[in-house]
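Working notes, beginning with the structure itself.
The sequence lines fix the lettering, A, B, ..., with proteins before strands; numbering per chain opens at 1. Treat the numbers as computed from the prediction; the structure is a model and nothing was measured.
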Protein chains: 2
Amino acid sequence: MTRWEPAPDQTVWEQVYDELRTRIEAEVYKPRNPVPSITQLEQEFGVARGTVRKVLAKLARDGLVRPISGKGTYVVPREERGESVDS
Amino acid sequence: MTRWEPAPDQTVWEQVYDELRTRIEAEVYKPRNPVPSITQLEQEFGVARGTVRKVLAKLARDGLVRPISGKGTYVVPREERGESVDS
DNA sequence: TAAGATTTGTTCGTATGTATA
DNA sequence: ATATACATACGAACAAATCTT
């Protein structure tokens, strides 16, 4: 996730998105449990808050997670996922 | 942005940090006593909670204060300060 | 025992500024 | 000009520890 590496064919936020999506689908982050906080994800991936939020916003639009203000961002169980809008 | 604006020399949190550090070193806030609460510092300086916390976190890393959950943030006496890491 | 107040700790939500490609 | 990405800074709510009533 370092910016000084040779031109990646994916942006930083896309790479983080793919990784989190993979973890959710593999249930590394389990249904009804929170994913790590924005601050923790910032530190783990070494990216800025805005970048993490962009990723979480897309995961939320995809119906994979649901953010709850002041509490955390929770993994939505498969059964409860609406039709993905695939934006 | 149509015009160029000069960047401030110091950020808000740096200014508050300098002021609190000065007060501790001048013993306006005395050793083993608590500094004002986060809420009081917010109001005095007119800044947000997150900004105050950023300042207190750095003062703690510097070994000047020690936060105690549910109680307050206490000034560490000089004799008890470890070597400052000077981050 | 219970309830409330105060305080530190943590989290999401939002906006702005700066720099770069 | 637009999108990406960083840092700063605001607000709001939730949570847990401590103390008092």
Side-chain angles (χ1 to χ4, degrees), chain A residues 1-21 24 29-30 32-76 87, chain B residues 1-20 23-24 29-30 32-76 87:
Chain A
M1 240 36 87
T2 47
R3 295 214 10 43
W4 56 86
E5 277 175 10
D9 54 352
Q10 262 190 327
T11 62
V12 171
W13 77 263
E14 284 171 330
Q15 294 172 48
V16 175
Y17 172 85
D18 284 351
E19 176 61 24
L20 291 194
R21 177 150 192 154
I24 289 167
Y29 301 146
K30 303 198 185 309
R32 301 188 191 286
N33 282 66
V35 302
S37 73
I38 294 175
T39 301
Q40 287 175 318
L41 292 172
E42 277 182 59
Q43 292 167 352
E44 176 183 351
F45 291 100
V47 301
R49 178 183 178 79
T51 303
V52 173
R53 279 194 51 78
K54 184 164 188 169
V55 169
L56 293 178
K58 176 149 175 58
L59 287 170
R61 285 199 307 277
D62 293 340
L64 297 179
V65 299
R66 182 152 27 84
I68 299 181
S69 184
K71 292 208 64 178
T73 300
Y74 293 79
V75 177
V76 176
S87 60
Chain B
M1 186 62 67
T2 57
R3 276 194 309 123
W4 179 87
E5 294 277 353
D9 292 11
Q10 268 191 323
T11 61
V12 171
W13 78 262
E14 283 171 330
Q15 293 172 47
V16 175
Y17 172 84
D18 285 350
E19 176 61 25
L20 290 194
R23 289 182 191 178
I24 290 168
Y29 301 145
K30 304 198 184 311
R32 302 188 191 284
N33 282 65
V35 301
S37 73
I38 295 174
T39 302
Q40 286 175 319
L41 292 172
E42 276 182 58
Q43 292 168 350
E44 176 184 351
F45 291 99
V47 301
R49 179 182 180 79
T51 304
V52 173
R53 281 191 53 76
K54 185 165 186 169
V55 168
L56 293 179
K58 176 152 174 59
L59 288 171
R61 285 199 308 276
D62 294 339
L64 298 179
V65 299
R66 187 154 51 89
I68 299 180
S69 184
K71 291 203 64 178
T73 300
Y74 293 79
V75 176
V76 176
S87 59

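Considering only the side chain of B:Lys54, D:dT8 comes nearest among C:dG9, D:dC6, D:dT8. If you check D:dT4, C:dT10, D:dT8 against the side chain of B:Arg49, the one that comes closest is C:dT10. Checking C:dG9, D:dA9, C:dC12 against the side-chain heavy atoms of A:Thr73 singles out C:dC12 as nearest. With D:dC10, C:dT8, C:dC12 as the candidates, the nucleotide lying closest to the side chain of B:Ser37 is C:dT8.
Annotation: salt bridge (charged side-chain N to carboxylate O under 4.0 Å, His left out) contacts of A:Arg21 (sequence neighbours excluded): A:Glu25, A:Asp62.
Atom pair B:Leu56:CG and C:dT10:P shows a separation of 13 Å (rounding to whole Å applied). Between the C1' atom of D:dA15 and the CD1 atom of B:Ile38 lies a distance of 14 Å, rounded to the nearest Å. Distance, B:Leu41 CG to C:dT6 P: 16 Å, rounded to whole Å. In this structure, B:Arg53 atom CZ and C:dT7 atom C1' are separated by 11 Å, rounded to whole Å. In this structure, CZ of B:Arg66 is placed 16 Å from C1' of C:dG9, rounded to the nearest angstrom. Separating the NZ atom of A:Lys58 from the C1' atom of D:dA3 is a distance of 16 Å, rounded to the nearest angstrom. The interatomic distance linking B:Leu59 (CG) with C:dT8 (P) rounds to 13 Å, in whole Å. As a whole-Å value, the separation of A:Trp13 CH2 from D:dC6 C1' is 17 Å.
Considering only heavy atoms from C-beta on, B:Tyr74 comes within 4.5 Å of B:Ile68 through its side chain. Taking 4.5 Å as the limit, some side-chain heavy atom of A:Leu41 sits within range of a side-chain heavy atom of A:Leu20. Counting only heavy atoms from C-beta outward, the side chains of A:Arg32 and A:Val75 never approach each other to under 4.5 Å.
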*asked:* Output one letter per nucleotide in nucleotides 16-21 of chain D: B when a protein non-hydrogen atom lies under 4.0 Å from the base, S when only the sugar-phosphate is that close, - when neither is.
replied: -BSS--
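Of all non-hydrogen atoms in B:Val55 and B:Trp13, the two that sit nearest each other are CG2-O, 3.3 Å. Residue B:Gln10 comes nearest to B:Gln15 through the heavy atom pair O-NE2, 3.2 Å, listed as atom of the first residue, atom of the second, then distance.
Within a 6.0 Å radius of CZ in B:Arg66, no more than 12 heavy atoms belonging to other residues, nucleotides or ligands are found.
In this structure, A:Ala48 and B:Gly50 both approach DNA chain D, and ranking their closest nucleotides by distance from the 5' end singles out A:Ala48. Nearest-nucleotide positions on DNA chain D for A:Glu42 and B:Glu42 put A:Glu42 closer to the 5' end.
Within the 4.0 angstrom heavy-atom criterion, no nucleotide atom of any strand lies near A:Thr39.
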